[in-house]
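Before any comments, here is the structure.
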Amino acid sequence: TGRMGGTVRGHARLMPAPIVHLNGHPGVGKLTIARALQDQLPGARLLDNHVLLDPARALFDRGTAELNTLRADLRRVTFDAAQNVPPDVPIILTDALDDSDLAARIFAPVRALAGATGRPLHRFILEVSEAENLRRLAAPDRVGRFKLRDPEILVDGRNTLRILGWDDPDITIVDVSNKAAEDAADLILQLLGCRPQ
C-alpha cells in the first residue's frame, strides 16, 4: 500500500512516516526526483515549492515584501493542515531555500509539522555541477511556469548563496549530476533505510 508501519501480535500498528525534504538550487531536478520518489512510495503526498510559491508569484514580484509575506502565510496554513494527513503516509517536500534568516523562517513550519506529528524529518540537499544545472535549467518543461530560467541569476546564486543547512551534519548532500530521477530517488530511499544498499 505504500504505507509505513508494522504489526504487533497480528494487529496493524501505524508508525509515523517520514517527511522527506529536498532542497537545492533552482533547476537541479528537485520536482522530477520528488515525483520519482512519490512513484516508489505509493500514497505519499508531494508538496513542491511551486505549489506554495506560485500563488504569491502570480500576484507579486520576486523579492517583494508582499510576496514573502503571502508565501510565509501560505506555507503556515498548508503545513498546519498537513497535520491531518494520516501519520503512516509519507510527505515529500521540495524547496529552493538559501541560508538566510528569511529562508529559516520559511522553513520553520516544516520543523513544526515534524514536531507536532512525531514524524522523522529527513533533509537532503540535491547538488549538481554548474554545467548540468544550466542544462537542466533550460529544460522545456520549465517554460510557462514561475520557475527560474535565467542562467545569469542561477550562476550568481550558485556563487553567492549557500543552501539552507549546508553545514548541518544531520542533512545529507546528494550529488545527482549523473543520475536519472529514478536512480536518485532509489538512492534517497536507500539512505532512508527503505532499500538495501
Side-chain angles (χ1 to χ4, degrees), residues 2-5 14-26 28-38 40-41 43-57 62-127 146 148 157 161-176 184-185 187-194:
R3 293 191 170 199
M4 299 184 171
L14 301 182
M15 299 184 61
I19 297 170
V20 180
H21 184 261
L22 307 179
N23 194 14
H25 289 292
V28 297
K30 297 181 297 291
L31 179 55
T32 305
I33 292 167
R35 286 177 174 152
L37 192 59
Q38 184 180 31
Q40 297 188 47
L41 293 172
R45 304 301 193 259
L46 170 58
L47 279 176
D48 78 272
N49 51 304
H50 283 277
V51 168
L52 302 176
L53 179 58
D54 286 357
R57 288 292 310 278
R62 182 186 295 267
T64 62
E66 293 87 357
L67 180 138
N68 291 334
T69 298
L70 180 54
R71 180 185 188 190
D73 289 347
L74 289 168
R75 287 178 69 98
R76 180 183 42 74
V77 169
T78 301
F79 289 119
D80 283 352
Q83 292 183 31
N84 297 314
V85 171
D88 60 329
V89 174
I91 298 175
I92 304 165
L93 310 172
T94 71
D95 269 314
L97 297 175
D98 63 5
D99 197 7
S100 66
D101 290 341
L102 173 62
R105 289 193 304 274
I106 289 171
F107 183 71
V110 177
R111 287 190 191 280
L113 173 62
T117 59
R119 293 171 176 268
L121 174 59
H122 298 279
R123 297 172 65 189
F124 296 90
I125 294 175
L126 304 183
E127 180 65 7
F146 289 107
L148 177 70
L161 300 174
R162 292 171 59 85
I163 295 298
L164 181 69
W166 186 267
D167 295 321
D168 188 330
D170 294 327
I171 295 177
T172 304
I173 299 171
V174 181
D175 189 333
V176 296
L187 175 57
I188 290 168
L189 288 170
Q190 289 178 33
L191 293 168
L192 289 170
C194 300

Would you sort out whether L148 and R62 count as a side-chain contact (heavy atoms from CB on, under 4.5 Å), showing the intermediate values? CA-CA 10 Å; L148 177 70; R62 182 186 295 267; 4.3 Å; yes
Derivation of the side-chain contact (heavy atoms from CB on, under 4.5 Å) call for L189 and L41: CA-CA 9 Å; L189 288 170; L41 293 172; 4.0 Å; yes
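The shortest non-hydrogen separation linking D168 to D170 is OD1-N, 2.8 Å. Here the closest heavy-atom approach between residue P55 and residue L74 is recorded as CB-CD1, 3.9 Å.
Taking the side chain to side chain donor-acceptor pair (under 3.5 Å) definition, one finds that D54 meets it with H50, sequence neighbours left out. Remark: D167 engages R162 in a salt bridge (Lys or Arg N to Asp or Glu O under 4.0 Å) (not counting sequence neighbours). A34 is linked by a side chain to side chain contact (heavy atoms under 4.5 Å, CB included) to L22, L46, I92, T94, counting only residues two or more places apart in sequence or in another chain.
Note that CG of N23 is 10.5 Å distant from CH2 of W166, once rounded to the nearest 0.5 Å. Atom CD1 of I171 sits about 8.0 Å away from atom CD1 of I173, to the nearest 0.5 Å. Rounding to the nearest 0.5 angstrom, the gap separating the CD1 atom in I33 from the CG atom in D48 is 13.0 Å. Note that CD of E127 is 6.5 Å distant from CG of D175, once rounded to the nearest 0.5 Å.
Residues L52 and F79 meet the side-chain proximity criterion, which asks for heavy atoms closer than 4.5 Å. Under the 4.5 Å side-chain criterion, counting only non-hydrogen atoms from C-beta, R57 is in contact with L67.
Identified under the salt bridge (charged side-chain N to carboxylate O under 4.0 Å, His left out) test for residues 71-87, with sequence neighbours left out: D73-R76, R75-D95.
Looking only at distances, no side-chain donor or acceptor of K30 sits under 3.5 Å from a matching main-chain atom of L93.
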When the side chains of residues 96-108 are checked against the rest of the protein, which donor-acceptor pairs come out under 3.5 Å, sequence neighbours left out?
unit_1, atom_1, unit_2, atom_2, d
D98, OD1, S100, OG, 2.7
S100, OG, A103, N, 3.1

Distance-only check: which donor-acceptor pairs under 3.5 Å involve side-chain atoms of residues 117-126, not counting sequence neighbours?
unit_1, atom_1, unit_2, atom_2, d
T117, OG1, L113, O, 2.7
R119, NH1, A17, O, 3.2
R119, NH1, V89, O, 2.7
R119, NH2, P86, O, 2.8
R119, NH2, V89, O, 3.1

